Structure formats: C-alpha cells, structure tokens
Amino acid sequence: MAQPAFIPPDQLARVVVSADQIARRNRELGERIAGLYAGRELTIMAVLTGAMIFLADLIRQIPLQMRLDVVSISSYPGTATRSQGVRWQLPLSADLSGRHVLIVDDIVETGRTLEAMTDEIGQMAPASLRTCVLLRKQRPDLTRRHEPDLVGFDVPDEFVVGYGLDYDNLYRNVPEICVLRQHAETPR
Ligand code: IMP
Ligand code: MG
C-alpha cells in the first residue's frame, strides 16, 4: 500500500519554497501591509481559487480593520501550464469607490490577471490600489503587464503547485511550493 502523501513521491521533482519560509514571509508581509495602511480601513480583494490559502494565512497577520471580497478568475484551465487568457468566472460585485484596496493573488507570471484586476477596480475610483502576490515568476524574456507592489518570493520559470496553486485542480492542499517532475525545466 502506498504511504499517504500530498504528492506521490515519484511525481515530485523538488520543493522550491518550504512551509516555514512561507510562514516567515507572511509575517513580514503582514507587518509591511499593516504599516502601509495604518489608521485606515483596508479592503482585500482576493483572486480565487489559487490565492485562498495564502489569503487565509496572510490576513491573520494584518492587525487592521479589514473588509474581504473575492473574485474568481481562471487563466490556466485544466491541464494548461501557460496562460490561456483571463476569464472572469465570478465578477467583481463590491462597490470599491473610496476604499483602500489591496489585490491579493497567488502568483504573477505575464501580469495579465493583475492588469485585468487593476483596470476594473481602477474604474471604481478607489482611494488607493495596490497588489500583493506570494510568488513572482522569473521570466527574463518577459515585460510584465503589471508589476506587483508586494512580493513574497521570486521563483524559477517553472510550473509550480501547492499552497493553493494547482495543476488540473490538484495539489492545492500541499503545504509548500513544489515543482512536479513532469514540469521540471520543461522546454518551451
Ligand atoms: P498571469 O496572468 O500570466 O500573471 O498569471 C497569473 C495567474 O496564472 C495566477 O493567478 C495563477 O492562478 C496562474 N498561474 C501562473 N503560473 C502558475 C503556476 O506556475 N502554477 C499554478 N498557477 C499558475
Ligand atoms: Mg489565479
């Protein structure tokens, strides 16, 4: 019988960010955000589904009065490992005018998701608008459409899973950020 494992050992290539590193960085980001919005009410706008684990941990490190809203956007449907374009699945419903809005997502690659988000929310006349991601993919060949204001970690240009990030909706419950064997250094 196979031992219980978040990822079958023969499918895991390596861990790129450990659970301890993530927890430490979340505390630092929380402190930073609390400083940026001190004395203000903050509105977090999270991008589901990938950001949900990061979101849950991060917001508990931010000792401020806070509102929480979510949208759902998918750009890597099913087994895609390159962006297929931004698709809104659950649109923005909150009225964000006059609010201090911080968009929280799991990872930025091309920047299309954050660009779509900042375009939409920017039109609602928020008092301020910033973006925060746990991961930023290093792509020297790429001019990103949006550079996030706050970043947890830079990761290599490989498809990563875990801590909310999925491949075909699998591996979101993995406590660390990992590369799968089949995606390790895949040539494009
Ligand atoms: P962008 O729009 O190209 O910046 O891609 C960002 C979105 O694509 C994120 O919100 C993720 O959901 C998804 N994504 C990008 N890279 C990865 C990855 O390596 N693993 C899992 N999801 C990814
Ligand atoms: Mg996403």
Side-chain angles (χ1 to χ4, degrees), residues 22-23 25-78 80 82-137 139 142-155 160-166 168-169 172-173 177:
I22 296 172
R25 192 72 180 125
N26 282 345
R27 286 195 288 275
E28 290 169 4
L29 286 172
E31 218 170 277
R32 183 83 206 285
I33 293 165
L36 283 170
Y37 296 95
R40 306 218 160 94
E41 182 184 278
L42 175 59
T43 299
I44 299 270
M45 179 57 71
V47 186
L48 298 183
T49 307
M52 64 188 291
I53 312 281
F54 175 46
L55 171 75
D57 285 345
L58 179 70
I59 60 175
R60 286 175 293 170
Q61 301 295 331
I62 308 172
L64 292 178
Q65 178 161 303
M66 178 188 293
R67 289 170 198 269
L68 177 59
D69 282 294
V70 296
V71 290
S72 178
I73 290 186
S74 141
S75 37
Y76 289 61
R82 281 288 164 201
S83 174
Q84 307 295 301
V86 172
R87 289 174 215 178
W88 292 80
Q89 280 159 346
L90 175 69
L92 275 168
S93 56
D95 179 10
L96 299 172
S97 64
R99 300 204 176 277
H100 294 282
V101 179
L102 178 65
I103 298 170
V104 172
D105 203 358
D106 51 0
I107 185 166
V108 64
E109 185 178 10
T110 63
R112 280 202 192 94
T113 304
L114 291 178
E115 180 186 52
M117 290 286 296
T118 50
D119 282 357
E120 286 284 318
I121 296 173
Q123 288 171 23
M124 297 178 166
S128 70
L129 181 56
R130 288 192 178 95
T131 54
C132 173
V133 295
L134 178 66
L135 306 172
R136 173 168 58 194
K137 224 174 247 195
R139 294 232 354 225
L142 183 80
T143 311
R144 258 184 258 283
R145 317 274 283 249
H146 178 93
E147 264 314 320
D149 299 296
L150 295 153
V151 176
F153 300 93
D154 280 300
V155 291
V160 291
V161 299
Y163 199 69
L165 291 94
D166 74 305
D168 201 12
N169 213 13
R172 295 196 194 273
N173 60 325
I177 305 291

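Everything numeric here is computed off the predicted structure, so don't read it as measured data.
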note = All heavy atoms of Ala127 vs all of Gly98, minimum pair found to be CB-O, 3.4 Å

key: Ile121 side, atom CD1; Thr43 side, atom OG1 - distance, nearest 0.5 Å   = 10.0 Å

message = So, using side chain to side chain donor-acceptor pair (under 3.5 Å) as the criterion, who are the partners of Arg112 when residues are at least two apart?
response = none

note = Nearest heavy-atom approach of Val104 to Ala51 is O-CB, 3.7 Å

Separation of Leu165 CG from Thr49 OG1 (nearest 0.5 Å) = 10.5 Å

message = Counting neighbours of CD on Glu28 that are heavy atoms of other residues, nucleotides or ligands and sit closer than 6.0 Å, is the number greater than 12?
response = yes

inquiry  = Checking Arg145 now: which residues fulfil salt bridge (charged side-chain N to carboxylate O under 4.0 Å, His left out) with it, not counting sequence neighbours?
reply    = Glu115

task = Tell me, please, which residues at least two apart from Arg130 pass side-chain contact (heavy atoms from CB on, under 4.5 Å).
result = Leu36, Tyr37, Leu102, Asp149

query = Could you give the distance from CG (Leu68) to CG (Leu42), rounded to the nearest 0.5 Å?
reply = 9.5 Å

request  = Just jot down the side chain to side chain donor-acceptor pair (under 3.5 Å) partners of Glu147, sequence neighbours excluded, or say none.
outcome  = Arg136, Arg144

query = If you look only at pairs with a residue in residues 51-68, which of them pass as a side chain to side chain donor-acceptor pair (under 3.5 Å), with sequence neighbours excluded?
reply = Glu41-Gln65, Glu41-Arg67, Asp57-Arg60, Asp57-Tyr163

note = Output for pair (Ile22 CD1, Leu58 CG), nearest 0.5 Å, gives 12.0 Å

Interatomic distance, Leu29 atom CG to Cys132 atom SG [nearest 0.5 angstrom] = 5.0 Å

inquiry  = Using the rule side chain to side chain contact (heavy atoms under 4.5 Å, CB included), only one of Val70, Asp106, Val71 pairs with Leu48; which is it?
reply    = Val70

request  = Identify the two heavy atoms, one from Pro148 and one from Val151, that lie closest to each other, and give their separation to 0.1 Å.
outcome  = CG-CG2, 3.7 Å

key: Residues in side-chain contact (heavy atoms from CB on, under 4.5 Å) contact with Met124, at least two apart in sequence or another chain   = Leu92, Leu96

query = Under the side chain to side chain donor-acceptor pair (under 3.5 Å) test, which residues partner Arg87, sequence neighbours left out?
reply = none

Rounded distance (nearest 0.5 Å) linking atom NE2 of His146 with atom CG of Asp105 = 10.0 Å

query = CZ of Arg32: more than 12 outside heavy atoms within 6.0 angstrom?
reply = no

query = Run the side chain to side chain contact (heavy atoms under 4.5 Å, CB included) check on Val47 and Ile103 step by step: do they pass?
reply = CA-CA 8 Å; Val47 186; Ile103 298 170; 4.1 Å; yes

ask   = Of Val133, Ile177, Ile107, Leu135, which is the lone residue that meets side chain to side chain contact (heavy atoms under 4.5 Å, CB included) with Phe153?
value = Leu135

